[in-house]
Amino acid sequence: MDFGVLLGLAYNQFVAELHDHLAERGFTHLRPAFGFALKVLAVRPMTTSQLAARLEITPQGAAKTVEEMVAAGFVERVSDPADGRVKMLHLTDRARALLAAGHDFHVDFERRLSAESGEAAIRALREVLTAVVARSDSPEGLARTLRQV
C-alpha cells in the first residue's frame, strides 16, 4: 500500500474512533468544521471575521460554522465590553467538555498504541510525523486542514 494512502487510512480510523468516543459521551451530530474552530476559540474569544481569517476560510463559511456551533450549544455570542456592537464568540461549558473529552481520547489513543506497539515505536512515529509536518512553509497553516477532527 502506498505510504500516503496508509497515512490517510490511519487518520480516517483515528477520526472514526474519536467520534465513537465522543458519541459515547453524548457528543453526537458533530460537524466536520467544529473541531479546529473550537480549538481556535479555546485560545481566546474572537469575532466571526477573526475566526475566518484564523481558519483561512471565507467569512461566509465561518458564519455558517458559527451558526451551527451556536445551534449545537457550543458557542455563544457575547457583546464586547469595549464596543457593544461587536459580538465575540465564546465557548460554552458544553464546548469545553467536548474539548476535554477529545483531549482524553488523544491521550488514551497514544497510550493504547504504546501498549500495542511499544513506547519506542510510538516515539519514533511521533518524530517522523513531526518531521513531515515541519517541512511545510507554514506548519501552523496545516492545522486548518484538520477542521474535520
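All figures in this text were calculated on a predicted structure; none of them were measured in a lab.
Two residues are said to be in side-chain contact when any heavy atoms from C-beta on lie closer than 4.5 Å; R126 and T130 meet this criterion. Annotation: side chain of L41 is in contact with side chain of M69 (closest heavy-atom distance under 4.5 Å).
Rounding to the nearest 0.5 Å gives a distance of 9.0 Å between CG of L91 and CD of E76. Separating the CG atom in L30 from the CG atom in L18 is a distance of 8.5 Å, to the nearest 0.5 Å. Taken from CG in D104 to NE2 in H21, the straight-line distance is 5.5 Å, to the nearest 0.5 Å. Between the NE2 atom in H90 and the CE atom in M46 there is a gap of 11.0 Å [rounded to 0.5 Å]. Here the NZ atom belonging to K64 is positioned 10.5 Å from the CD1 atom belonging to I57, to the nearest 0.5 angstrom. Note that CZ of R54 and CZ of R44 are 9.0 Å apart. Values are rounded to the nearest 0.5 Å.
Classified by interplanar angle (parallel below 30°, tilted 30° to 60°, perpendicular above 60°), the ring pair F27/F74 is tilted. Between F109 and F105, the two ring planes are tilted [angle within 30° to 60°].
A side-chain donor from one of K87 and S79 sits under 3.5 Å from a side-chain acceptor of the other.
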Assess the residue pair D80 and T47 against the criterion (side chain to side chain contact (heavy atoms under 4.5 Å, CB included)); give the C-alpha distance rounded to whole Å, side-chain angles, the decisive distance to 0.1 Å, and a yes or no. CA-CA 9 Å; D80 186 341; T47 66; over 6 Å; no

Any chance you could lay out the salt bridge (charged side-chain N to carboxylate O under 4.0 Å, His left out) test for R123 and E127, step after step, and finish with the verdict? CA-CA 6 Å; R123 193 175 322 107; E127 289 173 14; 5.8 Å; no

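Linking Ile, Leu, Val, Met, Phe, Trp and Tyr whenever their side-chain heavy atoms come within less than 4.5 Å leaves V66 and M88 in two separate clusters. Placement of V70 and V40 within a single hydrophobic cluster is found when ILVMFWY residues are connected by side-chain heavy-atom separations under 4.5 Å, directly or transitively. Linking Ile, Leu, Val, Met, Phe, Trp and Tyr whenever their side-chain heavy atoms come within less than 4.5 Å leaves V86 and V75 in two separate clusters. Side-chain heavy atoms closer than 4.5 Å link hydrophobic residues (I, L, V, M, F, W, Y) into clusters, and following such links, even through other members, never connects L99 to V107. There is no path of hydrophobic side-chain contacts, each under 4.5 Å, that joins L125 to L9.
Annotation for G102 and L22: closest pair N-CD2, 3.8 Å, computed over non-hydrogen atoms. Contact record, A95 with L38: CB-CD2, 4.2 Å, taken as the closest heavy-atom pair. Taking both residues in full, the closest heavy atoms of F36 and L55 are given as CD2-CD2, 2.9 Å, listed atom of the first, atom of the second, then distance.
Annotation: F14 is in aromatic contact with H106 [ring centroid separation under 6.0 Å].
D93 has no carboxylate O lying under 4.0 Å from a charged side-chain N of R96, or vice versa, which leaves the two without a salt bridge.
Shown here is E17, whose CD atom has more than 12 heavy atoms of other residues, nucleotides or ligands within 6.0 Å. By the neighbour-count criterion of 12 heavy atoms within 6.0 Å, atom NE2 of H103 is sparsely surrounded, having that number or fewer from other residues, nucleotides or ligands.
In terms of modelled atom types and a separation under 3.5 Å, the side chain of T92 and the main chain of G73 share a donor-acceptor contact. Not one N or O on the side chain of D2 forms a donor-acceptor pair closer than 3.5 Å with the backbone of G4. Side-chain atoms of R25 never come within 3.5 Å of backbone atoms of A97 as a donor-acceptor pair (strictly under, hydrogens ignored).
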